[in-house]
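Okay, so here's the structure we're looking at.
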There are 2 protein chains.
Amino acid sequence: MRKPTIGIATVAAEAGVGVGTVSRVLNGSNQVNEATRIRVLSTIERLDYRPLRSASSLSKGRTDAVGILVSVITRPSVMARLVGVIDVLSDAGLDAVVFNVENRAQFERHLSSIIDQRRVDGIISISLRIPEERVTRIRKLGIPLVLVDNSLPNFPCVYIDDVAGGNMATKHLLSLGHRRVGFIGDNEHTALGKSSSEDRYVGYLMALEAAGIEPDFDLVARGPHTSEAAAALTSAQFELGQHRPTAIFASSDTLAVGVIKAAQHHGLKIPDDCAVIGFDNLDISSILDISTVNQPLLESGIKGASKMVSLLNGEIAKPHREELPLDVVPRGSSLGIQRNNSTKLYGVVEGPIGLQILQRGEELVS
Amino acid sequence: MRKPTIGIATVAAEAGVGVGTVSRVLNGSNQVNEATRIRVLSTIERLDYRPLRSASSLSKGRTDAVGILVSVITRPSVMARLVGVIDVLSDAGLDAVVFNVENRAQFERHLSSIIDQRRVDGIISISLRIPEERVTRIRKLGIPLVLVDNSLPNFPCVYIDDVAGGNMATKHLLSLGHRRVGFIGDNEHTALGKSSSEDRYVGYLMALEAAGIEPDFDLVARGPHTSEAAAALTSAQFELGQHRPTAIFASSDTLAVGVIKAAQHHGLKIPDDCAVIGFDNLDISSILDISTVNQPLLESGIKGASKMVSLLNGEIAKPHREELPLDVVPRGSSLGIQRNNSTKLYGVVEGPIGLQILQRGEELVS
DNA sequence: GCATGCCATGGAACCGGTTCCGAAATGGGA
DNA sequence: TCCCATTTCGGAACCGGTTCCATGGCATGC
């Protein structure tokens, strides 16, 4: 014997039935007599038969796999969305094939691969803007596509209103009496076409205008999406002397961490000397007590993947386009001590933010 | 026309060649005349032909996909390894099919699915211990398996010596003169079979013994893998009065954050009143200036995936079993101010750790 | 001029499931 | 007892590539 490969035919022969019957048993058809089913199942067990996915895919005409394109996966916000997506797909019996996109070239390569090799049934794109010509192609080919944290005409998508978010964040700072509000954003995403940061900046400008404040472009800066870069940019603003900002809106929590580092570096107390608000409500912002704009990250993944599941079932994604809610989460980095429900330590210790950060009383469960 | 499906046969007919030739062109065989190749390629272009992955898989007998089992993906350490794995696989032209494992039931389900449905060519397991019977099965079936952050006889793996790591961390604290060193670990991983935390605990005990210190089990505690839980456990230790620990080894950075929260809650200054060291060298530990044990996370993924690529190419994974190096990264949470290269702010401001944390001068690039 | 051998090529067999159609078996009703 | 509907089943055709073998053409060597 050179090929001990056990296929559906072998099982059929052993069990004394036709291949069709075995197939029916495998797929849980109810067109099978109970006794027969048992006989087939026991034969499968005995021969240790394992169906071959690709053969099934070929005849069924679908792969039961979904391609997931994610922008720099290491970003915590992206990560959270991805988890939501994977969990939903798994539950639906779909394989989650992940493509990590870190630069334009990689993006193009992965897109080609996905589109031209017909390896997946659908595509979920997370925080990425797909180039126009690709979109056209995808549309023409009729490949199911769902956007998470982005939006595209005629495709199901889950997104937030970044402009509104930027507006909310800035208004929060303005409402605390600040007039010189700085903006620290990133310019990285632009490389992959998506720029939440820019949209949030627009919201920032709108809020200023609504408050009758003339924007000061010395208080606006962009750089790579790292806290180090943000710290450097912020540092420059703090050196403006009396023209320095008294509050800063960082377009993401990661950047907000950098802003705070810079403030400490300049001996500025937070929030008294400079209030800070970030965006995303990552774990880190909770740990460091940074005010932020909360957006439902995990949920965005869940909803996006659910839409994909619907599409693949031939249904129409229920809310075709879905905008998720945002809300400001005020914390110590903007409100400071004068806040309210503080633990006893909270009012007692006078000190820089670092302290408050770590003391803000989570109830310690014992 | 009811089926406009364009297959290799259509292309062959259109180009006036045989299917074999088209296939050869697609696979870059050099057995094809240049003129013919061009003709076929242009036909492919003209018809917008796209080969079907599953058909190819079926005849080739392989899927060119690798299954990745990851324990709770959201853990930053796991995440980092995953990124390494995905990047290497992508470069090798292999699909990365990710299975997120959050509990025992899910684990079993995914394992069955992977093993019994023959959907992937190999399995990479990250930070998970595969149940004995599954291992037996995998071995018998000859499915390529690579372990990352774990080890199993006769399978290629990339791992660290957690016992040694725990030892190093504890020794670091002992070397600073501490005698009452506490341990905060987690018990979650146990649910999935893997327990780095326990191994690190063993290292902790060994270090104590080597120093001639009798372990005090009031200073040992375990709980869920969250900083909140760690804070609660630590809090209890701080209430031991004069018997409280003067230093704590947390088996991961996430837990170390909790330890620090608890210290602040109790008005203890770090590192003066209590030194802390974590494990993993996550971003957060750098931001919060927490001493830690560094392990090459991204690299573990890269090396693991490389081994898988070798295996699938029929080669033997080069270093079959590979132990990655560990090293203590001393930071403010254990060394404190008496350190050395501090910025000017560093020595000036007297205060709790929170301050130092955020002031420790990273050189701010301008 | 003929044997030899390489290159390029056509195409049938094959990979291992799924599906559909026709048929056999079963059972109920007239 | 016969007819028809229903349930269950067998198996050929099919999905769309890959591979191997046979073949034809052409150049080289004697």
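Side chains are part of it too, since the values below use all heavy atoms of this structure and drop only hydrogens, waters and symmetry mates. Proteins come first, then strands; the chains are lettered A, B, ... in the order of their sequence lines, and each starts at number 1.
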Task: Side-chain N,O (B:Arg118) to OP1/OP2 (C:dG17) below 4.0 Å - done: yes
Open item on the list: With a 4.0 Å limit, can you tell me whether A:Ser59 has a side-chain N or O closer than that to the phosphate oxygens OP1/OP2 of D:dC14?
Closed with: no
Open item on the list: Check whether A:Ser54 reaches the backbone of B:Ser54 with its side chain - one donor and one acceptor, N or O, closer than 3.5 Å.
Closed with: no
Task: Toward the 5' end of DNA chain C, by each residue's nearest nucleotide, B:Val32 or A:Thr21 - done: B:Val32
Open item on the list: Using a distance-only criterion (donor-acceptor N/O pair, under 3.5 Å, no hydrogens), is the base of D:dG10 paired with the side chain of A:Arg24?
Closed with: yes
Task: A:Glu133 CD: over 12 foreign heavy atoms closer than 6.0 Å - done: yes
TODO: For the pair B:Arg137 and B:Asp116, find out whether any cationic side-chain nitrogen is under 4.0 Å from an anionic carboxylate oxygen.
DONE: yes
Open item on the list: Please classify the nucleic acid contact of A:Gly61 as base, sugar-phosphate, or nothing, using heavy-atom distances under 4.0 Å.
Closed with: nothing
Open item on the list: Considering every strand and a 4.0 Å limit on heavy-atom distances, what is the contact class for A:Leu52: base, sugar-phosphate, or nothing?
Closed with: sugar-phosphate
TODO: Using atom CZ of A:Arg50 as one end and atom C1' of C:dG17 as the other, report the distance to the nearest whole Å.
DONE: 15 Å
Open item on the list: Please report the distance, rounded to the nearest Å, between CZ in B:Arg37 and P in C:dA8.
Closed with: 10 Å
Task: Spacing between B:Leu26 atom CG and D:dT18 atom P, to the nearest angstrom - done: 6 Å
- [ ] Kindly say if B:Ser56 contacts the phosphate of D:dT18, meaning a side-chain N or O under 4.0 Å from OP1 or OP2.
- [x] yes
Task: Closest to side chain of B:Ala55, choosing from C:dG17, D:dG17, C:dT9 - done: D:dG17
Task: A:Ile8 CD1 to D:dA12 C1', straight-line distance once rounded to whole Å - done: 14 Å
TODO: When you get a sec, tell me which of D:dT19, C:dG17, C:dC15 is the closest nucleotide to the side chain of B:Ser23?
DONE: D:dT19
Open item on the list: Students often get this wrong, so: under 4.0 angstrom with heavy atoms, is A:Val17 touching a base, only sugar-phosphate, or nothing?
Closed with: sugar-phosphate
TODO: Send over the distance from B:Asn30 CG to C:dA8 P, rounded to a whole Å.
DONE: 8 Å
TODO: Would you name the heavy atoms of A:Asp121 and A:Ile143 that are closest together and state the gap between them?
DONE: O-CG2, 4.4 Å
- [ ] Quickly work out the B:Glu34 CD to C:dC7 P distance and round it to whole Å.
- [x] 16 Å
Open item on the list: Using modelled atom types and a 3.5 Å cut-off, is there a donor and acceptor pairing between side-chain atoms of A:Thr36 and backbone atoms of A:Val32?
Closed with: no
Task: Side-chain N or O of B:Asn33 closer than 4.0 Å to phosphate OP1/OP2 of C:dC7 - done: no
Open item on the list: Can you identify which nucleotide, out of C:dA12, C:dG16, C:dT18, has its nearest atom closest to the B:Val19 side chain?
Closed with: C:dA12
- [ ] Return the value, rounded to whole Å, for the distance between atom CD of A:Gln31 and atom P of C:dA24.
- [x] 18 Å
Task: Rounded distance in Å - CD1 (A:Ile38) to C1' (D:dT8) - done: 15 Å
